[in-house]
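Labels below follow one simple rule: chain letters A, B, ... track the order of the sequence lines, proteins then strands, and each chain is numbered from 1. All values derive from a computational prediction rather than experimental measurement.
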Amino acid sequence: MRVYNTLSREKEEFQPLEDIVRIYSCGPTVYQYAHIGNMRTYVFMDLLRKVLQFNNYNLKHVMNITDVGHLVSDMDDGEDKLNKSARLQQKSPYEIAKFYTEVFMSDLQALHIQTPEIIVYATDHITEMIAFVEDLVNRGVAYETSDGIYFDSAKFEGYGKLSRLDLEEQQAGARVAVNTEKHNPADFALWKKAPPEHIMQWPSPWGQGFPGWHIECSTMAEKYLGDAFDIHTGGVDHIPVHHENEIAQSESRLGHQWVKYWMHGEFMMVNGGKMSKSLGNAYRLADLQERGFSPLHFRYFCLNAHYRNKLNFTWDAMAGAKTSYDRLHAAVFAHKNGTDEACHTEADLLRTQFAEAVNDDLNAPKALGFLWNMARLPAKSQYIYDLILACDSILSLGLEATPVVETVSLEADVEAMVEARRVARANKDWAASDRIRDELKAQGILIEDTAQGMKWRKA
RNA sequence: GGCGCCAUAGCCAAGUGGUAAGGCAGAGCUCUGCAAAAGCUCGAUUCCCCAGUUCAAAUCUGGGUGGCGCCUCCA
């Protein structure tokens, strides 16, 4: 299989360092609800897992839960996000973290995203982080200021190699130097000294404090995956700061290349623009469900675009994905227990093309096209059904489930109307029959007469 | 000011040198009392514009135009 490596900006043949594939994924900061843009990145992460497994690799995958240390500003002087959320909601940071972590894990499950083998919490690794920072200080690449311990970006010559940003050029911009104690603008906090009112704080060689945001990933990745591993994933927004800083910390300490492949998921747009809370378009999975879109409809929506391209979310596009998914599901189900003589050569070819597509840098949209071609094969055959389910072990769209006609529990009076229409139809009173159907439609209930009798579903 | 990405039918979206996947919406047909649902068929002579390279370009090069993102937190 081939994957696009942000470090080289090229697709590369995937070759693991050892038999077992080691992955680290930047997980959520659990101070608020995750929105669908966040979830898109985890669908991408899951697709990567599934394709690796399809290629018979065993995985050791670590995902962190950031429950401390992520400041509201990158100026290294803002408030910790957990701390702030806790203050606003008048709860303890641990309660906040626990609540949002549970919602997050539940969303993952709903989206058929496999839980990585190892889930780790930043607050469980404070001791290791302090040791990591001490080591950097001892190596002379970090220094102390009045408010914390900072990494000296000038001491790491590879700084900027992931984002390919020229620091000198960047400084010509509007960036405001707020911390005059920093040696270089790009220097970042490894450890912050905590003011007394700061809720989350731990003792350290530098007094009471809390860890910088970037140190947690470097520390936990090393603890669970060793001093080098295969793939590090995250959103594209993490390339310039977070991941650049992780590399600086870890490679300064390890003295060699830390991560072989960096993979990043692109952003989700809304109506052609950025998704943001202030615009009120940072939808959650729950918002979609309120509008009648299931998590799997959303997964299908995500898989219909390549993970490295921006995906434009609109309600129209979402509705299209829903219809498309439901029809695909029904078309696939038509093959179950099918006894037609299927052309195995044709079906096998599509299966091969499907595999080639996912192995080519996780090209799910292309693969989905082949899946549709399989589902639309005229001969209905169990053979094809099995092939499709094998493909779905990668896409995880839940196609093995029996499609259920979406029915609504009927109110007593609605039930009476349905019965009245049944009688009208039996009497061939088409006028009455159509009138009742229109009335029900006005109430949002669609009537369908099928060979199996009258069916109804929500509009 | 710097860096980068993108521009394919009404919409979403693959395709990165060999003559435009797939889906949604739409149109026609079949079927059903009429509808709906379902099935079948149709749909870009063309890939933002201009020039160039090539036997051959949506795909490569150069120049435009337009949109978006990053350089502040962000998946």
**Near-strand residues of residues 366-374 of chain A, defined as heavy-atom separation under 4.0 angstrom from RNA chain B** = A/Lys366, A/Gly369, A/Trp372, A/Asn373
**Message:** Please check this pair: side chain of A/Glu246 against backbone of A/Ile215, looking for a donor-acceptor N/O pair closer than 3.5 Å.
**Reply:** no
**Message:** Base, sugar-phosphate or nothing for A/Thr29? Non-hydrogen atoms, less than 4.0 Å.
**Reply:** nothing
**Message:** Please classify the nucleic acid contact of A/Gly234 as base, sugar-phosphate, or nothing, using heavy-atom distances under 4.0 Å.
**Reply:** sugar-phosphate
Output one line per pair: protein atom, nucleotide atom from nucleotides 36-42 of chain B, and distance, for all N/O pairs under 3.5 Å.
residue	atom	partner	partner atom	Å
B/A36	N1	A/Asp449	O	3.1

**Request:** Find the distance A/Arg9:CZ to B/C5:C1' and express it as a whole number of Å.
**Result:** 11 Å
**Message:** Just the rounded figure in Å: distance from C1' of B/A75 to CE of A/Met269.
**Reply:** 13 Å
**Message:** For A/His297 and A/Asp326, which I'm curious about, is there any donor-acceptor pair between the side chains at under 3.5 Å?
**Reply:** yes
**Item:** Rounded C1' spacing from B/U59 to B/A7 in Å
**Value:** 14 Å
**Sugar-phosphate only, base, or nothing, as touched by A/His264 at under 4.0 Å among non-hydrogen atoms** = nothing
Under 3.5 Å, which protein N or O atoms sit close to an N or O of nucleotides 10-13 of chain B? Give each pair with its distance.
residue	atom	partner	partner atom	Å
B/A13	OP1	A/Asn312	N	3.3
B/A13	O2'	A/Asn304	O	3.3

**Request:** Check the distance between B/C24's P and A/Phe293's CZ and give it to me in whole angstrom.
**Result:** 15 Å
**Asked** Going by distance alone, is a donor N or O of one side chain under 3.5 Å from an acceptor N or O of the other, for A/Thr29 and A/His70?
**Response** yes
**Prompt:** Salt bridge check: are A/Arg49 and A/Glu117 linked by an N-O gap of less than 4.0 Å?
**Reply:** yes
**Request:** Could you tell me whether A/Ser324 contacts a base, only the sugar-phosphate backbone, or nothing, with contacts defined as non-hydrogen atoms closer than 4.0 Å?
**Result:** sugar-phosphate
**Rounded interatomic separation in angstrom, taking NZ from A/Lys428 and P from B/C34** = 11 Å
**Same-atom distance (C1') from B/U53 to B/U45, integer angstrom** = 24 Å
**Request:** Using heavy atoms to find the nearest nucleotide of RNA chain B for A/Ser163 and A/Ala431 separately, return the residue whose nucleotide is more 5′.
**Result:** A/Ser163
**Fill in**
Under a 3.5 Å limit on both distances, the Watson-Crick or wobble mate of B/C70 is B/G2
**Item:** Whole-Å distance separating the CZ atom of A/Phe267 from the P atom of B/C6
**Value:** 17 Å
**Touch class at under 4.0 angstrom, heavy-atom based, for A/Met275 against every strand present** = base
**Request:** Check whether more than 12 heavy atoms from other residues, nucleotides or ligands sit under 6.0 Å from atom CD of A/Glu341, and answer yes or no.
**Result:** no
**Fill in**
Whichever of A/Tyr300 and A/His242 has the more 5' nearest nucleotide on RNA chain B, that residue is A/Tyr300
**Asked** Is a donor-acceptor contact shorter than 3.5 angstrom present between the side chain of A/Arg437 and the base of B/C34?
**Response** yes
**Within-4.5 Å side-chain heavy-atom neighbours: A/Tyr42 and A/Met63** = yes
